[in-house]
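FYI, the numbering just counts along the sequence from 1. Just so you know, ligand 1 is whichever comes first in the structure, and atom 1 is the first atom listed for that ligand.
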Amino acid sequence: MTSSASGFRPPPYPYERLDRLKPLAKHEGGLVDLSIGTPCDPPAEAVRRALADSDTERGYPSSIGSPAFREAACGWMDRRLGARVDPTAVAACIGTKEFVGTLPSWLKLRTPARDTVLHPAIAYPTYEMGALLAGCRPVAVAVDDQWRLRLDTITAADAERALCLWVNSPGNPTGAIDDLGAAAAWGRAHDVPVFSDECYVEYTWDGPRRTILDGEAGVVAVHSLSKRSNLAGVRAGFYAGDPELVAYLGEVRKHVGMMVPGPVQAGATVALGDDRHVEEQRARYRERIELMLGVLDAIGVKAPSPDGTFYLWVDAPGGDAWAFTERLVREGGALVAPGDLYGAAGAGHVRIALVQPTDRLALVGRRLTG
Ligand SMILES: Cc1ncc(COP(=O)(O)O)c(C=O)c1O
């Protein structure tokens, strides 16, 4: 059979590049997977009950989200981020990966004269992939030695072509906290909407939680229930901010049938109304961060404590991230993520996601330190 496909070929999914390493973990107790940032802890019991008992299964859910869901999102932003947002400036998404991956298509339709997506040079890979899937041009923005965007390096030509600038703080994979005010100001000065992926905001360790939302136009914050409430499996998030952009995106996405299932909206509504389970989760991640920093220290690897997130961003000994990754699988039975999965600029680091129970991390520690 001949193929007429001559265009886009999906690249290997980043984490599938790690599959060949998994059999190298031959330890009793098996592989401890610290590569993908997928939560392992349970969601709140009240959320589980809401998922089961919402009685919303039979009808189509609202694509922008039910009034209750959007009001719960506003209540959470007010309580936790000090941001006053009207429920009409909030809309649901089916987890934020979906939003990140499709946003450039919708922005390009709206502003066909532009074609560029600006994203941090070391970042969650879907910012770049969303641009490619829309036939747009991803442009990696350099980061400084503290992993913050170097807005001054964006050329005038790229700014003129930009559909949006992505910023992610606290950032995956580095754990860095960026200057969101500076990003918002840059966007307004260049007439480029700034999308701020704030899915790790509850896991801010250095100072108060920060959002890009400042009551002014030109910025949209993107939030996820996946990490905050251990709900990655049910797919719920939302975006909020610039009323015109949110309204446009809500309208266009409606036509594609992007709907968060009713039971999921009900569960997310309960989750957004509760902060106690988040405080419990913060304590778990804090304990795991301290434990793993101690393990690394014991094997002579210095790693900074992250300012946010539940990732450690570790300078690989000798600058060879793949060699260090292989060593950690062979000696510790632990799979981590080499930094080039997040952009070429990350090649000298590995990311360790602290998404396994504390006793499993302690097991890795015992294996590594004998
Ligand atoms: C920076 C960042 N944004 C978005 C997501 C997607 O989260 P979800 O689609 O589960 O909401 C992730 C997941 O790892 C992430 O790290």
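- Around atom CZ of Phe8, more than 12 heavy atoms belonging to other residues, nucleotides or ligands sit under 6.0 Å away.
- In this structure a side-chain-to-backbone donor-acceptor pair under 3.5 Å is present from Ser224 to Ser226.
- Note: His349 and Trp147 meet the aromatic proximity criterion, with ring centroids under 6.0 Å apart.
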Using the salt bridge (charged side-chain N to carboxylate O under 4.0 Å, His left out) rule, take Arg150 and Asp152 through it: C-alpha gap first, then chi angles, then the decisive distance, then the call. CA-CA 5 Å; Arg150 294 252 345 249; Asp152 59 311; 2.7 Å; yes
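- Ligand 1 is surrounded by Gly95, Thr96, Lys97, Tyr124, Tyr127, Asn168, Asn172, Asp197, Cys199, Tyr200, Ser224, Ser226, Lys227, Arg235, each with at least one heavy atom closer than 4.0 Å.
- In this structure, the side-chain contact (heavy atoms from CB on, under 4.5 Å) partners of Glu287, at least two apart in sequence or on a different chain, are Thr358.
- Using modelled atom types, no side-chain atom of Glu16 and backbone atom of Pro12 make a donor-acceptor pair closer than 3.5 Å.
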